[in-house]
Amino acid sequence: MEKFRIRGGRPLAGEVRVSGAKNAALPCLAATLLTSEPVELHALPRVRDIVTMERVLAALGESCERANGTTRVVAGRGEAHHAPYELVRTMRASVLVLGPLLARRRRARVALPGGCAIGARPVDFHLEALARLGAELRVESGDVVAEAPRGLRGAEIEFPRITVTGTENLLMAAALARGRTVLRNCALEPEVADLAEMLAGMGARIAGAGSPTIEVEGVEALDGTAHTVIPDRIEAGTYVIAAVLAGAGVTVTGCRPAHLRALLDVLGEAGVACDVAADAITVPARTAPPRAVAVATAEYPGFATDLQAQLLALATRSEGTSEITEAIFENRFQHVLELKRMGASIEVLGRTARVHGPTPLDGTTVMASDLRASATLVLAGLVARGETVVDRIYHLDRGYEAMEVKLNALGAEIERFNPGPYR
Ligand code: EPZ
């Protein structure tokens, strides 16, 4: 099992370019199921979740050919409709194929995603909303079995709680439903608007994407298209925080600063003023520790839950006591125990972590538990005294393209190694 060995204390300087957004690429890949025409997707990140989604599409009869940064997806014969458990269990976002399969093939069998390290993460909102569009759903030996023999029909739907992939699933289903669908209490994340832009390029009739209410006029069929996914705002935010932690002047390029407003505001409160250009964020060299902050995660445009762990690592090196509240997921403090093993002073009270700083961190062996927690352990290793070994970095590879390559190009000293099968 691969690990990272990180030698701490190396200052980061220079430029790092972000890749395409994993959480935009996943729904856009699922949307290729809505057409029999070829689709070209550009800037998909080379990360494990994308490979998994390509495998799910292959199991559904589609072929994904990648060349020079472009992925060309060609539909197959089109009757396959089963997304198997062995793929879905490794990535809950596979549930995104449910809506498009129902909309175009009128049936779907998708393994119910299990929970994961950060919480139960049910998909009840997706299923209830698809039933409103006329789908007949049942659970059969761990799979969701869904049918819409007469096709889907438009409906008015209000999500009980904001759900990113729930909004995306229903947007895709409604694109081919008969008549008009109104989706209320939708997610505002940029990845939703990016999917809507791709669907519009295919001929879908959508109004209001990126706002709480989205209206869709269903069409008979959708064409192929070419679409470039937006830059990854979470990867960008991760490197911005790394630059605050260990930076001697770092510019994160190829990003959309407007998607990181909440992070930039929090850093401003901490006394870190970043320079913002059209597609870049520059973090100046640090002279004094950042100030402690009080932040609660929230749906976009609030502070992203996917940056909570990274901010917590920064809080261990900030002056004072920070309070970081995780309001989206019920169990997203797995990284706290590992940071405490490195010397951090943190108490978790319910959904709030109180972090006292600055405390020196000592390198040791730590274990990644989920995608963003593993990024946090790498960031902590960058500023820890001595050597940090991060185990189970397959979590990291799910959502960060060549993280050690990008950080080493900034001056970090990270080695990816595999100690062999039994250690
Ligand atoms: C998306 O997950 C992202 N994944 C997550 O990123 C991100 O953390 C999350 O949105 C929140 O921003 C992708 O886009 C592929 P939700 P999603 O549905 O859609 C509850 C990463 O690190 N809920 O918005 O699964 C749910 O349990 C990943 O890249 C239900 O109860 O999240 C959670 O508490 C991690 N029933 C809250 O709503 C449902 O049917 C928000 O979940 C759906 C959700």
Side-chain angles (χ1 to χ4, degrees), residues 19-31 44-45 47-50 52-53 56 88 90-99 110 112-132 137 144 157-172 183 185-195 229-230 232-238 259 262-263 296-310 325-332 334-335 351 368-376 395-401 403:
S19 305
K22 164 181 84 81
N23 290 350
L26 291 169
C28 286
L29 278 166
L44 299 190
V47 297
R48 215 153 63 86
D49 275 5
I50 299 306
T52 302
M53 182 59 92
V56 172
V88 172
T90 66
M91 185 184 66
R92 2 169 330 89
S94 311
V95 71
L96 283 165
V97 302
L98 193 53
V110 179
L112 262 178
C116 72
I118 62 179
R121 302 185 69 188
V123 290
D124 50 333
F125 302 158
H126 301 234
L127 306 183
E128 288 155 13
L130 289 169
R132 297 269 303 127
L137 301 133
V144 175
I157 291 166
E158 175 142 6
F159 290 107
R161 180 174 172 187
I162 287 173
T163 163
V164 177
T165 49
T167 301
E168 293 163 345
N169 230 337
L170 270 292
L171 196 49
M172 291 187 278
L183 302 174
N185 199 24
C186 293
L188 309 182
E189 271 70 2
E191 292 76 24
V192 174
D194 196 40
L195 171 65
V229 297
I230 55 173
D232 194 314
R233 62 191 167 94
I234 304 302
E235 185 195 17
T238 302
H259 293 165
L263 172 63
T297 62
E299 295 89 353
Y300 193 89
F303 191 88
T305 174
D306 293 347
L307 288 174
Q308 174 261 107
Q310 299 89 316
T325 298
E326 173 51 59
I328 303 290
F329 290 108
E330 67 267 28
N331 184 31
R332 203 171 195 175
Q334 313 275 313
H335 41 287
R351 289 201 168 200
S369 55
D370 63 84
L371 170 54
R372 307 304 174 181
S374 44
T376 292
H395 289 291
L396 199 70
D397 292 332
R398 293 190 52 176
Y400 288 94
E401 185 172 340
M403 182 182 237

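Read the numbers this way: they start at 1 and go in the same order the structure lists the ligands and their atoms.
Neither the backbone nor the side chain of Met91 comes within 4.0 Å of ligand 1, counting heavy atoms alone. Both the backbone and the side chain of His126 come within 4.0 Å of ligand 1, counting heavy atoms alone. Under 4.0 angstrom from ligand 1, the non-hydrogen atoms of Thr163 come from both its backbone and its side chain. The parts of Asp124 lying near ligand 1 are both backbone and side chain, judged by heavy-atom distances below 4.0 Å.
Near Arg372, with a cut-off below 4.0 Å to any heavy atom, the atoms of ligand 1 are 21 (C), 22 (O), 29 (O). Interface atoms of ligand 1 facing Lys22, defined by a heavy-atom separation under 4.0 Å, are 21 (C), 29 (O). Close approach of ligand 1 to Pro122 is summarised as follows: ligand atoms under 4.0 Å from at least one heavy atom of the residue are 27 (O), 30 (C), 31 (O), 36 (N), 39 (C), 40 (O), 43 (C), 44 (C). Numbered from 1 in the order shown, with element, the atoms of ligand 1 that lie under 4.0 Å from a heavy atom of Arg332 read 8 (O), 22 (O), 35 (C). In summary, the atoms of ligand 1 found under 4.0 Å from a heavy atom of Val123, numbered by their order in the structure, are 39 (C), 40 (O). Distances below 4.0 Å separate heavy atoms of Ile328 from the following atoms of ligand 1: 33 (C), 34 (O), 41 (C).
When side chains are defined from C-beta on, Glu235 does not count as touching Pro45, because their heavy atoms never get closer than 4.5 Å. Proximity of Leu188 to Glu299: side-chain heavy atoms (C-beta onward) are nowhere separated by under 4.5 Å. Counting heavy atoms from C-beta outward, Arg332 and Thr297 have side chains that stay 4.5 Å or more apart.
Ser374 is linked by a side-chain contact (heavy atoms from CB on, under 4.5 Å) to Ala368, His395, Leu396, counting only residues two or more places apart in sequence or in another chain.
Considering backbone and side-chain N/O atoms, Glu168 never comes within less than 3.5 Å of an N/O atom of ligand 1. Considering backbone and side-chain atoms together, Thr305 places no N or O closer than 3.5 Å to any N or O of ligand 1. Not a single N or O atom of Phe329, backbone or side chain, sits closer than 3.5 Å to an N or O atom of ligand 1. Inclusion of Glu330 in the set of residues having an N or O under 3.5 Å from an N or O of ligand 1 is not warranted. Between Val164 and ligand 1, an N or O atom pair is found at a separation short of 3.5 Å.
Within the 3.5 Å criterion, the main-chain N or O of Thr325 finds no donor-acceptor partner in the side chain of Arg351. For Asp232 (side chain) and Lys22 (main-chain N/O), a donor-acceptor pair under 3.5 Å exists by modelled atom type. Looking only at distances, no side-chain donor or acceptor of Glu189 sits under 3.5 Å from a matching main-chain atom of Val192. In terms of modelled atom types and a separation under 3.5 Å, the side chain of Thr376 and the main chain of Ala309 share a donor-acceptor contact. The closest donor-acceptor contact from the side chain of Asp194 to the backbone of Ala24 lies at 3.5 Å or more, if one exists at all.
Using a non-hydrogen distance threshold of 4.0 Å, Arg92 registers as a contact of ligand 1. Residue contacts with ligand 1 leave out Glu128, since none of its heavy atoms falls under 4.0 Å from the ligand. Every heavy atom of Gly166 sits 4.0 Å or more from the atoms of ligand 1.
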Derivation of the side chain to side chain contact (heavy atoms under 4.5 Å, CB included) call for Thr52 and Arg398: CA-CA 9 Å; Thr52 302; Arg398 293 190 52 176; over 6 Å; no
Considering only distance and modelled atom types, tabulate donor-acceptor pairs under 3.5 Å from the side chains of residues 164-172, sequence neighbours left out.
residue, atom, partner, partner atom, Å
Thr165, OG1, His126, NE2, 3.4
Thr167, OG1, Thr163, O, 2.7
Thr167, OG1, Ala187, N, 3.1
Asn169, OD1, Gly99, N, 2.8
Asn169, ND2, Val95, O, 2.9
Asn169, ND2, His126, ND1, 3.1

